[in-house]
Amino acid sequence: MKRLPPQPDEWIDRSRTLDFRFEGRAVNGFAGDTLASALLAAGEAFLGRSFKYHRPRSVLSLANHDVNALMQVTHKGHSRPNVRADVTPLAGGEVVTAVNTFGGLAADKGRFLDRLGAFLPVGFYYKAFYSKRWFPYWERMFRFMTGLGRVDVAAPRVRTPKRYAFCDVLVVGGGPSGLAAALAAADAGAKVVLVDENQQVGGSGLFALGADAAQHKQMNELVLAIRSNRRIEVMTGCFASGYYTDHWVPIVTPTCIVKMRAAAVVLAGGAYEQPAVFRNNDLPGVMLGSAAQRLIHRYAVKPCERAVVFAGNDDAYRVAADLAAVGVVIAAIVDLRPAAPNSVPAGVEVRRGMAVVEALADRRGLLRGVRIATPAADGTWDHAATEEIACDGLMVSVGFAPALALAYQAGARMRFDMQTQQFVPATLPDGLFVCGRANGIHTLPLKLADGAEAGAAAAAVAHGLAPHPRAAMIETAQPSHPYPIFEHPRGRNFVDFDEDLQLKDFFNAAQEGYDNIELLKRFSTVGMGPSQGKHSNMNAIRILAKIRGEPVEKVGTTTSRPMFHPVPMAHLAGRAFQVERSTPLHARHVAAGAVWMPAGQWQRPEYYAVAGLRREAAITAEVVAVREAAGLIDVGTLGKIEVYGPDAALFLERVYTGRFANLKVGMTRYGLMVDESAVVIDDGVIARLSEEHFYFTTTTSGSATVYRELTRWNTIWGLNVGITNLTGHLAAMNLAGPAARRILKTLTDGNLSDALFPYLGAREMRVAGVAARLLRVGFVGELGYELHMAADCAPHVWDALTSAGKPFGMRPFGVEAQRLLRLEKGHVIIGQDTDGLTNPLEASMQWAVKMDKPFFVGQRSLQILAKQPLRQKLVGFVLADDATGVPKECHLVIEAGAIAGRVTSIAHSPTLKRVIGMALIAPELATPGRSLKIRIDGALEIEAVVTDLPFYDKDGGRQRIADGVDMLGEAA
Amino acid sequence: MTSGAIMPERVSPVHAVVAATATRWTTRNRMALAADFADMARTALPVWLMDVSHRFRFGFKGAGAPAWCSAQGLTLPGAPNTWAQMQGGGLVGRLAFTEFYVEHEDEALVTRLTDALGRGVQMPAGGVYPVHRRDAGILLGGARAQDVLVQVCNVNFGAVDVGAMPLIMTLMVGVAVTVFPMIEGDQTVYRMACDPTFAPHLWSTLAEIAADCGGASLVTL
Amino acid sequence: MFTEHASLRKAYDVVIIGAGGHGLAAAYYLARDHGISNIAVLEKGYIGGGNTGRNTTIIRSNYLTPEGVKFYDKSLDLYQDLSQDFDLNLFYSTRGHFTLAHTDAAMRTCRWRAEVNKHYGVDSEVVDARAVQEACPQMDITCAGHAPILGALYHAPGSIARHDAVAWGYGRGADMRGVEIHQQTEVRGIKVEGGRVRGVETSRGFIETGKVLCAVAGSTPRMLDMVGLDSPIFIHPLQAMVSEPVKAWLDPILVSGSLHIYVSQTARGELVMGASLDPYELHSTRSTLDFVESLSAHMLDMFPFLSEVKVNRQWAGMADMTPDFTPIMGKTPVEGFYLDAGWGTWGFKATPVAGWTMSHTVANDRNHELIEGFGLDRFARYALTGEKGAASVGH
Amino acid sequence: MKIMTCPINGARPVSEFAYAGALRDMPDPATATDEQWAAYVFNKQGKAGIKREWWYHIASGVWFIAERDTAADRVIRTYLFGKEAA
């Protein structure tokens, strides 16, 4: 092929030459070329190798389903697989090779597979190579052969500016009917977005010209009207990748996805020209008529010198006219129809009622001619009576398949229209309209009228009006031949070019019983390749209909799913937002050398790194500080909820298992929460700040869900309470340790005396000048104050405490030390010492459950469970001092060779100088003094002994330290 | 800390993320705010972000809230999800039916309201309960503010009738945000409030996109 | 391969509702091992057209509860020989399966599973981040810094297989043994008299039978309604997507709970990717955009270099979920009505063992020992299985 | 994306909401048998159909009821709990 002199509407810019490399050779094209048009213009005969047989291939459609011209494109340092040469604009400077070759396009070692063809029938791999012994080897070979392009594992992460957009009417497709629709909708006052995957609008109106000057003029005027209409936004080089619920259509642009929410959608995607099925219909030089027209009018590339046009419709004659107009000799028009149209170009031989049954290749594998014969309706033909016609180009125009994928996804019902031999919409969902070829309308004036009606109707819907009924267009043309499919004893008559499926493969599949369209698709993989059946599904349906002796409509179609064209993951991912939360003290932790651990959306300090100390040592130091002096931990991630009102106490009695009606003002109490099936889901500390005002905490992970569920319950109960979630607006920190009170004293005028602020008390006072709520709690088992204050003031308080604590040896401590401290104290962590099915009886928390209340969530289920034997029980244990190993959390408790439970928490206690832990075990083992066997990593079994909880300070004296009494260790 | 030797009592929730780029600082309502671009006209930037977390915030809710709102001499936003201007640049927003959000420069005014409702430990007035708020305040403006919004939020702000003084509670990059669109000069400015623990994520996301749109984050005083 | 039967007989010994992998497997084993071949398998669509053909084809047995481990281990056992049994290559490909842990809570769960697995002789072990990196050198184990991988549960027997072929193999095997498979045949009602199954009303007429096996995944609640039963089963869509074919680069099967990803590469070179359930009840197989958006984002956290790799297709199935992530199998309060349901997101890997145990259960009217504990009655007894424990630890 | 209409905040994409299952009437714990209670706690009436469901608008904390066809994913109407008539 070679470049033509300038064409009226050509897309190329001859003033800008772009150089690139293809298969190691230097090539150049023009700006506006696609990779394929540039390569063809440069005389490249082969663009790729086929998927299975590695046959040389070139362009088929030039319409974004030339899957045999997929390229590996290396540009600006990294490489992209499966780039579609037929539509990808030439950038200049790229290095291009065909995918799926072994040793290059020309010398591809894979080509021997073409000769093996006979031994590789459809689904051949199902019938062979499955011996257990050999399959792995065979699979490795198979995986080596398959897979098209290569992934460049050094390629960078690409983040794209994905965005939302809104319009009244979205028109998909910028051909004649789409342009008419956009214009009509805009004239009706709608804000219109018009999307076309081509680089310029106009569609077939500007390439399927048939050298018709009037059409050319009319179309250019229409395009001008669109361009100059301020209500219409035109997006070219973009495609709608799918239709999702409520007119939600992602538009894939070269750089990102635009998520379009439209009030109404017009689908004007046109139709895909379909190949005829005959031997060697995949030879380079054989292409669809529309591909030849695109080459001529868009890229000024001469498709061949001497052409045969294979006709099944009148479009073929326009193809011939366009070819002739650029100096291509028309060797013949081979028309399947006995009666050809009136307008036959002068001097062109038309062979009526005949078919191309074989394309003939020369030594280099290029088209040298065609064999034609007179076919019967079933695709058979008289092998004795054939003749050859020499040509270097064969243009096939025998039929179309509508681009209805988005309509299917929207839930449209289709019917098969006999006149046009295609599926057309029968019923469409509200606000969705289809026009043009996709609607079975093929001739230009009708397409324009059909589009205008669809556009007006869409605008009406967008404005909330009833769409006026659309007049039924009557298409008199017959654009699609019912069966352009011709058997050949030597096969190589391809139906699916992606998957290298031949006609006989379908008969074989049906023979095996895969004879409904879905099974056929799955067994043969027809339409499963990158082109998603755009050129193969329609012929597959026709073939199956013939096999089953049923009408095409009964055979039906397979379901259509996004993506319409494949979409890069980076486009879908966008910027990939990652929600992260941080407490007001985050910067303080960074400054203090925090080592972070994730906790849901939060990052929390696991511990604070100390120069010269290993992780364990640093954690131990934090534990020791809390036990012997003081420690400060950020507990701001806890949920913080406030309940006000006359019914506040009643409300808490319903949502927690414990009793709160009798909780004294100024005091706190532990609260346990279960769900309706009595599974433990959350816990916290409830403070009563006044008769009708409670303030309480939830677990870190529970904060959002607990608040949500509490408000839902009260929506049902309608109690007179106000519930507020303060989680993010308040900060919280726990100051704990024997020195806690003395440290705090230096920062507040409030009375901290044990008499006025006893253990479990709750007070409000200023700390470092900041109004704060103080809860005297003992989670870590020492004298402790949980300080809650306004988030914006928290860093100030933290700083003040940090300097006030220095003289006392106070340290900040992290989650890991807290875990250890609470374990010494025998306090449960919901979600670690319990799992998704643990109830309070199993968790040994009956003490926190008041069954004699009138009602609480989960109470009724607990009554049922109370009647049943326990399934497991949470206990404490210690390892024998001479234990030869230390188990980890979730190591199993083994009794008589059977699993009898698991370790939920375990650690070496720096305070008790031994390994302590908790375990959920079989109740019969849960007696203090009972010895347990804990299995480590499926092997060694370690002895442990069940003990009462807590391990540390059993009478809780340390939490209750009275004033003046100095229990500070030497550390102070 | 980048914000100088003496730490003011209040710290903006976005202090750390702003500090990563800020070079000039000022103090407002006992809170350090970045003052880069302070002398530059906002309108000169295609899109700009501003940390207004220094303003004082307060909320109240309950069946008696609307009446109490009027009783305090505040303009009562008539319709749910609308807001009203207050003297001295503050605003009162009506979240759904019976919850209110107040934001103001003047600490005394906010304190007066807080005290009027009682400090939590006391009995709240009939059917009105205080809502302790320390929202992060972010202002987004500039001719290309829309270009930022369409990348972070599914609400069509382009179609919002700013004149009706609506407030919009929605999700932005996964964060619950209350947005008050308002006209400043010839520009629409979006005043946003969100839970301060999400603010660093929201701010850095908005700042990244704003930068892509040729904008910058700044504080004007 | 599948005989077409012009009409239904008047009566069958057993009627199996649903010609997915499970129903066909049950038919196959009933005919092969229990001498019962007077069976009709009724399918409203086509063979294997439900979740059998919509899953991400992962096969593993590294479960958490003893019941689960023993059950799925038997399934893997049966899978080994299916290709030979069927004379059909299922592409049963053993790749090794990593359950990635990004938090210490997840590490605890991995260890829990590993220990239970080892106890029952299932090959599972906890490995550290380095081992994960060695098995998949291309991965960014910090996951873009969001969720660094701390380690994983490694399950060497983890495999993938060609899902359709499993249904076809069982179907052909059953067909060869005289079982009738009726596609495009919808069940309209189930006749129950005196607490006993009497027959089935279909779109092609009534058929008598004393035994009905219900193996219809997403349609289970509708069938249960026909016999007057309710259950904890709820239906949420489960979606998946597949990339364009690329040359083989990923060998193991990777699952990340934190990033909601599971991914493997097929023999054809496509990346098959799945994520977590849709957030609300829906009895439809529609696709959503937010699914491919978030799954792609998480994939790129783990594999940034896939930015330019294209997603080719997405699809969905209807998952029949249970509160304890364990199936509901065996006899029911309705005599002669047997249930094989509650398969949620793990039905494919159970296909052989579900058919094998259900055939035994139907033939002997007695639950097979491997499915004790999976009964519908466990909920009334609050005796849920602990499989959900795994999902909930650390939540 | 699916659009859900919050009775107070209006039409928003479903991603702004949390789904909390079907609205179910709790039997009287005092009179319900253990079997009835277990059925209430665990059973789901999982058959497709028009269901009354709890939905929550995350940004505003509004709970409401949606009547939704769970086969077609069609929202028939939404209203605040107890305001069904309105």
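Nothing here was measured: the structure is a model prediction, and the numbers come from that model.
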Study note, to complete from the structure: To the nearest 0.5 Å, atom CD1 of D:I8 lies from atom CG of B:N81 at 7.5 Å

Check your understanding: Shortest non-hydrogen contact from B:M169 to D:E16?
Key -> O-OE1, 4.1 Å

Exercise for review: Step through the shown structure and confirm whether more than 12 heavy atoms of other residues, nucleotides or ligands are within 6.0 Å of CZ on D:R24.
Suggested key: yes

Point to revise | Which atoms of B:L95 approach chain D - backbone, side chain, both or neither, heavy atom under 4.5 Å | key: neither

Review point. Can you list the steps and then say if D:R12 with B:I168 is a side chain to side chain contact (heavy atoms under 4.5 Å, CB included)?
Key: CA-CA 11 Å; D:R12 300 290 175 87; B:I168 296 136; 3.5 Å; yes

Study note, to complete from the structure: Smallest heavy-atom separation, D:A59 atom then B:A176 atom, equals CA-CB, 3.8 Å

Review point. Would one find more than 12 heavy atoms of other residues, nucleotides or ligands at under 6.0 Å from atom CD of B:Q85?
Key: yes

Review point. Is chain D contacted by the side chain of B:V175, its backbone, both, or neither, given a heavy-atom distance below 4.5 Å?
Key: neither

